[in-house]
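Shown next, in structure tokens, is the structure this report addresses.
Atoms within each ligand, like the ligands themselves, are counted from 1 in listed order.
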Amino acid sequence: MPDKEALWSELSEKFRANTPKLSFETWIEPVKPVNFDGSTLTLSLPSELHRDYWEKQLAPNLIEYAFVLTKGNIEPKFVLDSDVKASTDDKSDIPEAKKKPESYAFSKEGHLNPHYTFDTFIIGKGNQMAHAAALIVSEEPGKLYNPLFFYGGVGLGKTHLMQAIGNKLVADRPDAKVKYVTSEAFTNDFINAIQTNQTEEFRQEYRNVDILMVDDIQFFADKEATQEEFFHTFNDLYNDDKQIVLTSDRVPQEIPKLQDRLVSRFAWGLPVDITPPDLETRIAILQNKAEIDNLEIPSETINYIANQVDSNVRELEGVLSRVQAYSKLKGEPITTDLAYEALKGLKLETKSHQLSIVDIQSKVADYFHVSVNDLKGKKRLASIVMPRQIAMYLARELTNNSLPKIGKEFGGKDHTTVIHAYEKIAEKIKIDTDLRKEITDLKKGLG
Ligand SMILES: Nc1ncnc2c1ncn2[C@@H]1O[C@H](COP(=O)(O)OP(=O)(O)OP(=O)(O)O)[C@@H](O)[C@H]1O
């Protein structure tokens, strides 16, 4: 978990990159982080006006940036500088640096996120095996699958599952020693231990545990000395039947510059992959999240949101948070229209980027009750010409296909026909509200 200063410094950099200079200096620069407890970031602001502006305008951006930067849903809380000053004897106001002991304190990333449990993890095709293995390991650590190695793309629940093992172990056996770190924290701790002559303490810290979980070990690539140390840590724990759980964005063999002896050890236990969730799983994840956050969302809207992101659960949750923040900001309930508005202009890893001309043709054909063959054909009936032109317009708007390619997909038409169709619809939209609505409906349907 980042500390409040580190988190705020990264957040304000994001704001700086996306805010005009004057606005940045007025609204963002004077803000001071007061506290961060893992889910709420308390910020202190100089005036009521600042608070009002942050609540109304900037909070949704902060939530979104925080999502990108951390792995959790972070809510901002605003207080005024005058209130903070009034309670300066509150420990939370003592600068971090002053709280640090003389000698280096090892990473306390061991704090597990209490939300990352098996209860809140939705099982789907892509993670079924990983989930089953995690459950077995949490019940019988050090026995069956050691090490347990999760690999897969960004934001697919590797950390969640890993921490679920730790949370369950602590719940079942409160005396269990559970250590969770990212590979960077492990590396930092090791380097600091060397610098402060505390390598013995470092070994105690990492080898005297029942379960060691190291997240994102692909970052061990290139770090010779850390790999060496980790090799010994691994052996000690393994020989003692202590459980090791690792995650990475790829299989051990593909991690660059990872020592062969580590690669082979990582493969001793069970390497199991997590793949992107299918639509049903994405819907279930959103429903679950909505329930946890007490959100009322019609199922049609959940469906719509689930179609916006198909390869990253963190981003899917980010999208839901954005919709939630937008609904708060507008004071309106969450509907598909509101979700559409909230996500407009957002660059998502959506299907729309890979949308094909065929998808568009079949959607438009359905919508206007004509056949795809009619769209590709030459009939000059008005009831067919208009849908055909709309389909060409959307193909140009929503895909990266060239004009000749679009023409070809519409029964081998010339690219000038596509330009003509595009321009005609683009002009007509400006004055014809019915047409505008039809196009908006179709775009929504195409996700
Ligand atoms: N199956 C799931 N059910 C519920 N929530 C999930 C599921 N998969 C992922 N999430 C949520 O998605 C977010 C991202 O997951 P997580 O951080 O575990 O991904 P990761 O694979 O470790 O990503 P990275 O590679 O970036 O470290 C978390 O908030 C997590 O709770």
Open item on the list: When you compare ligand 1 with I122, is there at least one nitrogen or oxygen pair between them that comes in under 3.5 angstrom?
Closed with: yes
TODO: State whether E224 and K257 are salt-bridged, where the test is any N-O pair (Lys NZ or Arg NE/NH1/NH2 against Asp/Glu carboxylate O) under 4.0 Å.
DONE: no
Task: Spatial distance of atom CG (L11) from atom CZ (F36) [nearest 0.5 Å] - done: 9.0 Å
Open item on the list: I'd like to know if E409 and K405 make a salt bridge, using a cut-off of under 4.0 Å between side-chain N and carboxylate O.
Closed with: yes
- [ ] Find all atoms of ligand 1 within a distance of less than 4.0 Å from any non-hydrogen atom belonging to V313, and give their numbers and elements.
- [x] 6 (C), 7 (C), 8 (N), 9 (C), 10 (N), 11 (C), 12 (O)
Open item on the list: Checking contacts here: is it the side chain or the backbone of N127 that comes within 4.0 Å of ligand 1, counting heavy atoms only? Could be both or neither.
Closed with: side chain
Task: Nitrogen or oxygen atoms of V154 and ligand 1 under 3.5 Å apart - done: no
TODO: State, without any angle test, whether T247 and D215 hold a side-chain donor-acceptor pair at a distance under 3.5 Å.
DONE: yes
Open item on the list: If you take the nearest heavy atom of each of L286, T120, T247, which one is closest to atom 4 (C) of ligand 1?
Closed with: T120
Task: Between OG1 on residue T281 and CG on residue D278, distance to nearest 0.5 Å - done: 3.5 Å
Task: The single option from V309, D293, I302, I297 passing side-chain contact (heavy atoms from CB on, under 4.5 Å) against L320 - done: I297
Task: Residue pairs passing the side-chain hydrogen bond (donor to acceptor under 3.5 Å, both in side chains) test where at least one lies in residues 259-277, sequence neighbours excluded - done: E228-R261, N235-R265, Q259-R261
- [ ] Look up atom CD in E205 and atom CZ in F186, then write down how far apart they are to the nearest 0.5 Å.
- [x] 11.0 Å
Open item on the list: On a heavy-atom basis, I'd like to know which of T117, T281, T159 is closest to atom 22 (O) of ligand 1.
Closed with: T159
TODO: Check whether any N or O atom of G157, backbone or side chain, sits under 3.5 Å from an N or O atom of ligand 1, and answer yes or no.
DONE: yes
- [ ] Report the part of E317 in contact with ligand 1, treating N, CA, C, O as backbone and CB onward as side chain, heavy atoms under 4.0 Å; options are side chain, backbone, both, neither.
- [x] side chain
- [ ] Name the option, out of M162, R282, R314, H160, that contains the heavy atom nearest to atom 31 (O) of ligand 1.
- [x] H160
Open item on the list: Using a 4.0 Å heavy-atom cut-off, which part of I285 comes near ligand 1: side chain, backbone, both, or neither?
Closed with: side chain
Open item on the list: Is D249 close enough to touch ligand 1? Criterion: a residue heavy atom under 4.0 Å from a ligand atom.
Closed with: no
